Structure formats: C-alpha cells, structure tokens
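Before any comments, here is the structure.
Predicted model, so just to flag it, every value in this text is computed and none were measured. Atoms within each ligand, like the ligands themselves, are counted from 1 in listed order.
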Amino acid sequence: MNKDISPDYRPLDASTIIDYVWSRPELREVFREGEALHADEVGDGNLNLVFKVWAQADPERTVVIKQALPYLRLVGGGWPLPVDRARIEAEALQVEYRLVPEHTPRVYFYDPGMYLFAMQNLNHHVIMRKGLNEGIKYPRFAQHIGVFLARTLGMTSDLVLDYRTKKLEVARFINPELCKITEDLIFTEPYRYTERNGFHKELEPQVFALQADEALRVEVAKMKEKFMTQAQALIHGDLHTGSVMINQEETYVIDPEFAFYGPMGFDVGAVIGNLFLNYAAQEVRMKDPAQRSDFRKYLTDTVIELWHVFEREFQKVVWDQVDPINMPRAYQQDYMLRVLQDSAGLGACKMMRRVIGLAGVADIRGIEDVHDRAIAGSLALNIGQALIMGREEIRTIEDLVEVATACKPTYPWKS
Ligand code: SR1
Ligand code: MG
C-alpha cells in the first residue's frame, strides 16, 4: 500500500459498507436504528467506487457513498492516483453547495481516513448525456447551468474573494495529479502518436491531418498554457454532460474531483463543447431530418441561453458588487469577452479529445456502425477545429454558434 495512504484506508464493498454506514452518526438522520439496509456498487465512471445504500422499507431514503481508489479504474492498477482527490471533491461540493444549493448535492460528511464521502442521492434524475442520446430535451438546463457557472466561477474569483482567502483557496484546491490527467489527455496526447489514443481506423486520415497541422498545435499549446497557469476561479474541472444529473424540473452538478483554480472558460467550454458533441452525434443518431433539426435547434438555443443567463447572473453576483473606479464597465465587458473566447478554445479542446483521445463519450463512441461513428466524429473534430482557430473573431455567443453550425463532416473522404 502507498505510504501516503492512511493506515485506516480499506476499499469497501457492497457488504462491508453496511457496517460502515452504521458507524457514521451523520447518517442517523437518514436511517433508523436497526432497520434493514441494502447496498449496491453502481460506479461506472473511470476513477472511483460508488455505492448506493438504501432503507429496505423506503428506498427514497438512499445515500450515495463515493470512495477513491488508489489507481485509475479505467485502466486497472497500472495508473496510480492520489486518494486525496476524494477530499477535493467533497470540499468542492461543499463550496458549490454554499453558493448554489439548488444545483449541488448535499454532502453529509467526509472521512479523511477512508477517502470517502457520503452525499444526497438523486433518485429522480438521470445522467444528462444518456438523456440527450435518447433525444430528450431539458428545457430548464440552460437557466440552471448558467446560474451554476456564474456563481461558482464568479464568486470564487479574485473579483469577489478578498486577497488572502483567494490564495488560501488556491492552496486548498491544489490538485496536481488530476490536472496532469487533463493536461495529458486533453491537451497533449490527441495531437501526437500515443497508444492510448482511442480513435478508430475510419477516422485516421482526418486525425493524422489534424495532428500534422502546426497552426492548430500552436493554439492548443496556448490553451494548455492557460489551463496550467490561470488560477482565475475554483473550476469544476470536468463539467461534461456525464457530470450533470437532470430531469425536466431540476439540475444537479456532480463529480468535481478535478476541481482546482483554473480558467473559467474550461467549465463554460466543457458544457458548450459537450452540447456540440451531442449535436455532432445527432448527424447520424436522429434519422428523421425534421426531428434532427428540431433537436439541434434545442441544443444551439441551449448554448445561447446558458451564456446569456451566465452573463446576467455574473452581473448580479460580481459586477454589481465591484468598485467601478478600478473595474470600469469597459474592463467588465472585456473580461466577459475573454471568458467567451476561452470557452470557445478550451471547449474545442474538450471536443477533439473525446474523438481522438483515451476517454471518449457515449454520444459518439456509442454509435455502433463504424461509418456512422466516423461521420459524427468527423463533424465533432471540424467543429472543435473551427472553434479554436476562429475564437479570436468570436464577439458574441451567437457568433460562436454560427462558427460551429457552419461545419460539416468531411467523412466519407472525397477522392
Ligand atoms: C483517465 S480519466 C479519463 C477522463 O475521465 C474523467 O471524466 C475526465 O474527463 C478524464 O479526462
Ligand atoms: Mg467524473
């Protein structure tokens, strides 16, 4: 066992977790003395054990317990990972819950010896990516995520926090190993040969052309530098549609284990980029053209609305509170424009990695027919490339959507 790991640490399983639950006084508000409990390991992500524990008499009384493993689950024991990320995730959730409780699950406790935390279950919600892949629209998502982004990003930045708190928060959320995963998987590996890349053969010509494009690699390098150096706000760090639990009324953001102080555009861009990944996938997923164009309009309207909500909420919680002598209106406008352009560039990197790199997304990699998958992947790459290369010309969210929606797949190749 790694010497940095607490001697109390032992990975739990579906049977040992029940005794563990009874040992936690914090869960006595959920479970009643002596009642029958059930547990299941439900983790399907890349990194952790995730358990649901519920009362047999009333499954509405369920808690989720998430425990860090000392290695990456996706590839087995060969890729060690710090278990302290469970603390980062629990503490990031606590910050987010303070700022935006209506979109953050409540944490009951964090156990520093077991590197696990217990949180509110979301019984009535689904992973947004799954819903989008089934063609389900979520009309309130734009409003909810716009507010979530504005409050969590704006209110953890230097614009709001005092000079000392900000620096202490940067230190509390130092997360080097998980940042390194992002640096490698998003900004480095998709643009060079590595065995870990996961694109399929049909896409080789487009991927090889993209990897040979030095101008593109220059812009990706600038995005990587921004990710590594701009401690602008406490970002979620992995805000794709698989980190959103949703239904027609409510939205919750989960899984901030990649949280650290980074550029705001990484989170905003993650949401936008993942909506465009779904947009690209619909090229082949939705066969009926009228239905496809209607669903795509929902996706692009969502991108536009979430940005406008983000701007309005940011105005309220940040700009209306600052001193206009040192932060005049023109500075505020320039700041928002820079966040928008960063969102285009960083979101683009998040799109391209999902097609080329190790960890794909079900929207595209879940398409069974290889030719269909190549069409969707090709479109996603073209949107990513257009957004990163054109980001400095983008002045409004409508411009961003126009750049993306002008793209077409280049697969099948014209000879
Ligand atoms: C190796 S971990 C792969 C990916 O899963 C997470 O959700 C992050 O996106 C990470 O890059
Ligand atoms: Mg995750």
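Salt bridge annotation for Arg296-Glu283: present, with a cationic side-chain nitrogen under 4.0 angstrom from a carboxylate oxygen. Ion pair Asp342/Arg338 not flagged as a salt bridge, since none of the NZ, NE, NH1 or NH2 atoms sits closer than 4.0 Å to an Asp/Glu carboxylate oxygen. The existence of a salt bridge linking Glu183 and Lys180 is excluded, since no basic side-chain nitrogen approaches an acidic carboxylate oxygen closer than 4.0 Å.
Geometrically, ligand 1 and Arg353 share a nitrogen or oxygen pair separated by less than 3.5 Å.
For ligand 1, the atoms lying closer than 4.0 Å to a non-hydrogen atom of Leu72 are 1 (C), 2 (S). Using a 4.0 Å cut-off to heavy atoms of His240, the atoms of ligand 1 that qualify are 7 (O). With ligand atoms numbered from 1 in the order given, ligand 1 contributes 1 (C), 3 (C), 11 (O) to contacts under 4.0 Å with heavy atoms of Leu185. Within ligand 1, counting atoms from 1 as listed, the ones closer than 4.0 Å to a heavy atom of Ala359 are 3 (C), 4 (C).
Contact annotation: Lys350 has no heavy atom less than 4.0 Å from any atom of ligand 1.
For Arg24 and Tyr108, the positive end is not near the middle of the six-membered ring at less than 6.0 Å and at most 45° from its axis.
Of the heavy atoms in Glu183, none comes closer than 4.0 Å to ligand 1. Neither the backbone nor the side chain of Ile186 comes within contact range of ligand 1; no heavy atom lies under 4.0 Å.
The ring pair (Phe, Tyr, Trp, His ring centres under 6.0 Å) analysis of residues 132-188, with sequence neighbours excluded, yields the pairs His103-His144, Phe187-Phe227.
Remark: side-chain polar atoms of Glu219 are not paired, donor with acceptor, to backbone N or O of Gly345 under 3.5 angstrom.
Between Tyr411 and Trp413, the ring center distance clears the sub-6.0 Å criterion.
Compare Val361, Asp238, Leu178 by their heavy atoms: the one nearest to atom 9 (O) of ligand 1 is in Asp238.
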